[in-house]
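What follows is a set of notes on a single structure, which appears directly below.
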Amino acid sequence: EVQLVESGGRVVQAGGSLRLSCVASGFTFDDYAIGWFRQAPGKEREGVLCISSYFGIRSYTDSVKGRFSISSDNAKTTVYLQMNSLKPEDTAVYYCAADLITPRCRVDGWDYWGKGTLVTVSS
């Protein structure tokens with residue numbers, strides 16, 4: 001079955017960097033959209049960045065502009081979220097999700113989700 005596994009979350013000081021990984025399995029890694037989302041304590045989930053095999057990269061929020069980037073390694077079936085200049089407000093559980101039906105970085109319609117990895121940015 002389709003499976004997404006996030007890793008890389010940890011406690012980090014403000015201003016530091018972290019790279020999260022989303023390892024995908026259970027489908028051919030050539031027709032997909034994989035997005036990174038986050039949910040801070042007591043807050044609604046928000047989209048961060050998405051990468052589509054057809055349409056490239058989409059950003060969902062200005063709050064990470066210039067600090068976060070998304071990339072993929074097809075050989076490793078992995079999507080990365082590189083996070084630099086981290087701020088306390090970046091503290092959240094970070095999830096990756098896959099859309100294999102309409103793989104174009106939509107706002108809704110995500111079919112598969114990982115269990116999340118916690119990023120805590122201390123001040």
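If you're wondering where the values come from, they're calculated on a predicted model, not measured in any experiment.
Shown here is R67, whose CZ atom has more than 12 heavy atoms of other residues, nucleotides or ligands within 6.0 Å. The environment of D62 atom CG is sparse: at most 12 non-hydrogen atoms of other residues, nucleotides or ligands sit within 6.0 angstrom.
Looking at L86, T61, N84 one by one, the single match for side chain to side chain contact (heavy atoms under 4.5 Å, CB included) with F68 turns out to be L86.
Under the 4.5 Å side-chain heavy-atom criterion for grouping Ile, Leu, Val, Met, Phe, Trp and Tyr, F55 is not connected to F29 through any hydrophobic cluster. By the criterion of side-chain heavy atoms lying less than 4.5 angstrom apart, applied directly or through intervening Ile, Leu, Val, Met, Phe, Trp or Tyr residues, Y95 is not grouped with V119; the two fall into different hydrophobic clusters. Hydrophobic clustering keeps Y80 apart from V64 (ILVMFWY residues linked when any side-chain heavy atoms are closer than 4.5 Å, directly or through intermediates). Taken together through direct or relayed side-chain contacts under 4.5 Å among Ile, Leu, Val, Met, Phe, Trp and Tyr, V23 and V79 form parts of separate hydrophobic clusters. In the hydrophobic clustering of ILVMFWY residues, with side-chain heavy atoms under 4.5 Å counting as a link, L4 and W113 come out apart.
L20 and G9 get closest at one heavy-atom pair: CD2-N, 3.6 Å. Among all heavy-atom pairs drawn from Q39 and K43, the shortest one is NE2-O, 3.0 Å. Shortest non-hydrogen contact noted between S72 and I51 is OG-CD1, 3.8 Å. Listed here is the closest heavy atom pair of T78 and S21: CG2-CB, 4.1 Å.
Formation of a donor-acceptor pair under 3.5 Å by the Y60 side chain with backbone atoms of C105 is found in this model. Formation of a donor-acceptor pair under 3.5 Å by the S53 side chain with backbone atoms of Y32 is found in this model. Here the side chain of T77 pairs a donor or acceptor atom with the backbone of A24 at under 3.5 angstrom. Here the side chain of T91 pairs a donor or acceptor atom with the backbone of P88 at under 3.5 angstrom. Panel note: side chain T120, backbone V11; no donor-acceptor pair is recorded below 3.5 Å.
The structure places OH of Y112 at 14.0 Å from SG of C96, a figure rounded to the nearest 0.5 Å. Of the inter-residue distances, the one linking K87 atom NZ with S123 atom OG reads 14.0 Å to the nearest 0.5 angstrom. Annotation: the span from C22 atom SG to I34 atom CD1 amounts to 5.0 Å, rounded to 0.5 Å. Atoms OG1 and CG, from T117 and L18 in turn, are 8.0 Å apart once rounded to the nearest 0.5 Å. I70 CD1 to S52 OG: the interatomic distance, rounded to the nearest 0.5 Å, is 10.5 Å. Interatomic distance, CG of L49 versus CD1 of I57, reported as 7.5 Å (0.5 Å rounding).
Checked by atom type, the side-chain pair S69/Q82 shows no donor-acceptor distance below 3.5 Å. Between the side chains of D31 and Y54, at least one donor-acceptor pair of N or O atoms lies under 3.5 Å.
Between F37 and W110, the ring planes lie perpendicular to each other; the angle is over 60°, past the 30° to 60° tilted range.
Y94 does not carry R38 over the face of its six-membered ring by the limits of under 6.0 Å from the centre and within 45° of the normal. In this structure, R45 forms no cation-pi arrangement with W36, as its terminal cationic atom is not both closer than 6.0 Å to the ring centre and no more than 45° off the ring axis.
A salt bridge does not link K115 with E6: every distance from a Lys NZ or Arg NE/NH1/NH2 to an Asp or Glu carboxylate oxygen is 4.0 Å or more.
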Margin query: Between M83 and V48, does the side chain to side chain contact (heavy atoms under 4.5 Å, CB included) criterion hold? Intermediate values first, please.
Written below: CA-CA 11 Å; M83 304 184 293; V48 181; over 6 Å; no

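Side-chain atoms of R106 and D99, non-hydrogen and from C-beta on, do get closer than 4.5 Å to each other.
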